[in-house]
Amino acid sequence: MIDRKYILNPYYIMREDKHRVLFTESGGYFKIPSEFAEDAIISMIHPVFAIVLTFFDGRKTYEESISGATEYLKASRDQVEEIVAKLIENKGRSGFDMQGYLSEFPKNVLVEYKAEYEFRDYDPEVFASIETLDYKTQRLFNGPLDLNILVNTICATDCEYCYVDRRVKQNCKIPIERFIELIDEAKAIGVRKVDIAGTEIFLYKHWDVLVKHLLDNGYYPYLSTKLPLAKERIDRLYEVGIRHLQVSMDSLDSETINRLWGVKVEDYMVKMLASLKMVGEKGIELQVNTVVTRTNYSIENLEKMFLELNNIPMLKEVLVNEAGPSTAKSEKEFKAFRISLEQSKKMGEFVEEMNKSKKLNYFIGYSDGAHEDDYINDYSVKKAKFESRASCPAGTRSMCVLNDGQVTICEELYWHKEFLIGNVLDQSIMDIWNSDRAKNFGNLSQNDFTEDSTCSSCSKFYTCKGVDGGVCWSNIVQAYGDENWMFADPACPNAPEPIYEIYSK
């Protein structure tokens, strides 16, 4: 063992954040293999543990790494080895208590070095400079962890379930040169992910320049398209470095697609299947995303599509999603396309049966939508669900650049004026992040809330908005309207019943 070389798992990164170190997954991969690393970990760790991990860079043997960390920290060998023993190829999560602060780590923190891994070059001095510790403040000090870029609001289709605010249909107003600068700045300040949001990426004229610069800087964008791609475009995707692509397919029936997407699509099935075959043969791994509405809900037709997709090389997964509400669609529009609870249940059962049948060469995942009992239920039931909710990163860990340069805390809120915090056409990422308007979302006071909001008098206000994970601002706006954005999250047990139905029933 002493001659083996270990390295910080390539799927994880560490970032100094003024009063703590962030330990999280890397944004340089399309998908993180679940058997090797965790893909949803954001942990605040003590600088001592980060310092120890810097010595496992892939170049040094175990003995050299232990000796280096021991000498640097002026600690005993036993103390360092006690830490390392719990982090080398650990099968589950590991935790340490130091100075009253809990540092939690995911599985497989340190792994044996392989030739295909890049060396890890962390400077222990960066982490050693941290003096006072703060594990309570949820908003990051040294800039966002994730940055989304909305490149356009134009599209080749007009889907009934569209999640993008296309009331203003426009191409990108940000010069490509400014995008390049933003990516460089993001890299310099330690942004984990820079991803592309929006509608049809291939309708943005500089898509290949943007994607290549992202990849060159260690960011792997999540590209998705509804368009059958020509060979020249597939070749260009491969040339710039893309090895994974998501394709949106909601049906292979042209008449259904015409109604669902709002456009006339000739020979869609033939063109799309031919395109997918070329993508797979090129060596680009495929993931298909299917959104189910009342229009394309048909177990029979979906089964035909899934069986047809079985012939596509490099297809690894099909994700089936129940169409949900969005700030871009009215309640009336959502009610017209949502599927019923009964249909949702049947869809889940169908997906489970398909996976068990072993008929397919790929896996089907299913994500149902919000149901009525998520928002209208017994107090204790809602309370339990709300307390186990996922944390919201809007304004505390992430922000989104809109295609006219304005910046919002969440890509689902678009141009809602209450959530706009700056403009990249005349401000840097850090200028925006450190502005009073941006900081406000990480330091909200009950005095900021109007009396008609239950948040204004809630005894759990500060833990809810802070350490407990915050609220979903998008759900609030959808449930109560733009003007009531200060209301409680509709999932909160103290929230009033939603004004608008944002769930299936």
Side-chain angles (χ1 to χ4, degrees), residues 1-17 19-130 133 135 140 145 190 192-193 218-220 397:
M1 180 176 179
I2 61 173
D3 294 326
R4 290 183 181 178
K5 295 180 179 179
Y6 290 93
I7 189 171
L8 175 63
N9 192 318
Y11 291 102
Y12 297 136
I13 61 170
M14 297 186 292
R15 189 183 108 172
E16 178 265 333
D17 192 47
H19 297 299
R20 62 276 181 107
V21 179
L22 303 178
F23 192 98
T24 182
E25 77 267 17
S26 168
Y29 301 91
F30 181 82
K31 191 171 183 179
I32 293 177
S34 59
E35 70 279 2
F36 192 65
E38 294 185 38
D39 66 353
I41 176 74
I42 299 177
S43 183
M44 296 179 187
I45 66 171
H46 195 286
V48 165
F49 303 118
I51 290 170
V52 170
L53 292 173
T54 65
F55 288 89
F56 290 85
D57 58 9
R59 298 181 179 91
K60 304 179 186 71
T61 64
Y62 173 87
E63 178 61 31
E64 290 169 336
S65 299
I66 292 292
S67 297
T70 298
E71 181 179 348
Y72 185 90
L73 290 169
K74 294 180 173 54
S76 72
R77 181 185 179 94
D78 287 345
Q79 287 174 317
V80 174
E81 284 199 294
E82 184 180 354
I83 293 171
V84 173
K86 293 178 70 174
L87 299 179
I88 285 185
E89 297 174 345
N90 51 308
K91 302 304 180 185
R93 292 198 172 188
S94 297
F96 301 88
D97 192 317
M98 180 172 287
Q99 294 180 299
Y101 294 94
L102 177 65
S103 298
E104 185 179 27
F105 291 89
K107 65 183 178 183
N108 286 334
V109 173
L110 292 171
V111 295
E112 193 164 0
Y113 174 74
K114 294 182 180 179
E116 62 264 30
Y117 296 161
E118 293 184 8
F119 295 127
R120 310 305 298 268
D121 293 312
Y122 285 103
D123 182 357
E125 288 294 310
V126 171
F127 305 125
S129 66
I130 297 174
L133 297 178
Y135 279 29
L140 303 187
L145 196 58
R192 171 184 64 174
K193 292 180 184 177
Y219 299 120
Y220 203 112
R397 299 196 304 269

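The ring-ring contact (aromatic ring centres under 6.0 Å, His included) test with Y12 is passed by exactly one of F23, Y122, F105: F23.
Heavy-atom neighbours of R4 CZ from other residues, nucleotides or ligands within 6.0 Å: at or below the threshold of 12. Atom NZ of K31 sits in a sparse spot, with 12 or fewer heavy atoms from other residues, nucleotides or ligands closer than 6.0 Å. Counting non-hydrogen atoms of other residues, nucleotides and ligands closer than 6.0 Å to CD of E118 gives a total of 12 or fewer. Open room surrounds CD on E82; 12 or fewer heavy atoms of other groups in view lie less than 6.0 Å from it.
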Start with the C-alpha gap between S103 and Y135, add the side-chain angles, then the distance that decides, and say whether side-chain contact (heavy atoms from CB on, under 4.5 Å) holds.
CA-CA 10 Å; S103 298; Y135 279 29; 3.3 Å; yes
Intermediate values then yes/no, side-chain contact (heavy atoms from CB on, under 4.5 Å), V84 and F56
CA-CA 10 Å; V84 173; F56 290 85; 3.8 Å; yes
With side-chain contact (heavy atoms from CB on, under 4.5 Å) as the criterion, how do Q79 and L73 come out once you've worked through the C-alpha distance, each side chain's angles and the decisive distance to 0.1 Å?
CA-CA 10 Å; Q79 287 174 317; L73 290 169; over 6 Å; no
side-chain contact (heavy atoms from CB on, under 4.5 Å) between L53 and L87, worked out:
CA-CA 9 Å; L53 292 173; L87 299 179; 4.1 Å; yes
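By the ring pair (Phe, Tyr, Trp, His ring centres under 6.0 Å) test, F127 pairs with no residue at all, sequence neighbours left out. Taking Y113 as the reference, F119 meet the ring pair (Phe, Tyr, Trp, His ring centres under 6.0 Å) condition, with sequence neighbours excluded. Take Y11 and apply the ring pair (Phe, Tyr, Trp, His ring centres under 6.0 Å) test, not counting sequence neighbours, and it matches Y29, F36.
Taking 4.5 Å as the limit, every side-chain heavy atom of D57 sits out of range of all side-chain heavy atoms of I7. R15 is listed as a side-chain neighbour of L145, based on a closest heavy-atom distance under 4.5 Å. Between M14 and L22 the shortest side-chain heavy-atom distance does not fall below 4.5 Å.
Under 4.0 Å is where a charged nitrogen must lie from a carboxylate oxygen, and between K5 and E64 no such pair does. A salt bridge is absent between E35 and K107; no separation between the charged side-chain nitrogens and carboxylate oxygens falls under 4.0 Å.
What you find for R192 and E25 is that their closest heavy atoms are CD-O, 2.9 Å. Residue I32 comes nearest to A37 through the heavy atom pair CG2-CB, 3.6 Å, listed as atom of the first residue, atom of the second, then distance.
S26 contributes no side-chain N or O that, together with a main-chain N or O of I13, makes up a donor-acceptor pair within less than 3.5 Å. Formation of a donor-acceptor pair under 3.5 Å by the S43 side chain with backbone atoms of E104 is found in this model. Checking side-chain atoms of N90 against main-chain N and O of P106 turns up a donor-acceptor pair under 3.5 Å.
Taking CD1 from I51 and CG from D123, the interatomic distance works out to 10.0 Å, rounded to the nearest 0.5 Å. Atoms CD and CD1, from E81 and I66 in turn, are 5.0 Å apart once rounded to the nearest 0.5 Å. A distance of 6.0 Å separates CG in N9 from CG in N108, rounded to the nearest 0.5 Å. Atom CD in Q99 sits 6.0 Å away from atom CG in L133 (nearest 0.5 Å). Annotation: the span from L140 atom CG to I42 atom CD1 amounts to 8.0 Å, rounded to 0.5 Å. Within the model, atoms CZ of R20 and OH of Y101 stand 11.0 Å from one another, a figure rounded to the nearest 0.5 Å.
Aromatic ring orientation, Y6 versus Y62: perpendicular (interplanar angle above 60°, classes split at 30° and 60°).
Looking only at atom types and distance, the side chain of E112 has no donor-acceptor partner in the side chain of Y117 under 3.5 Å away.
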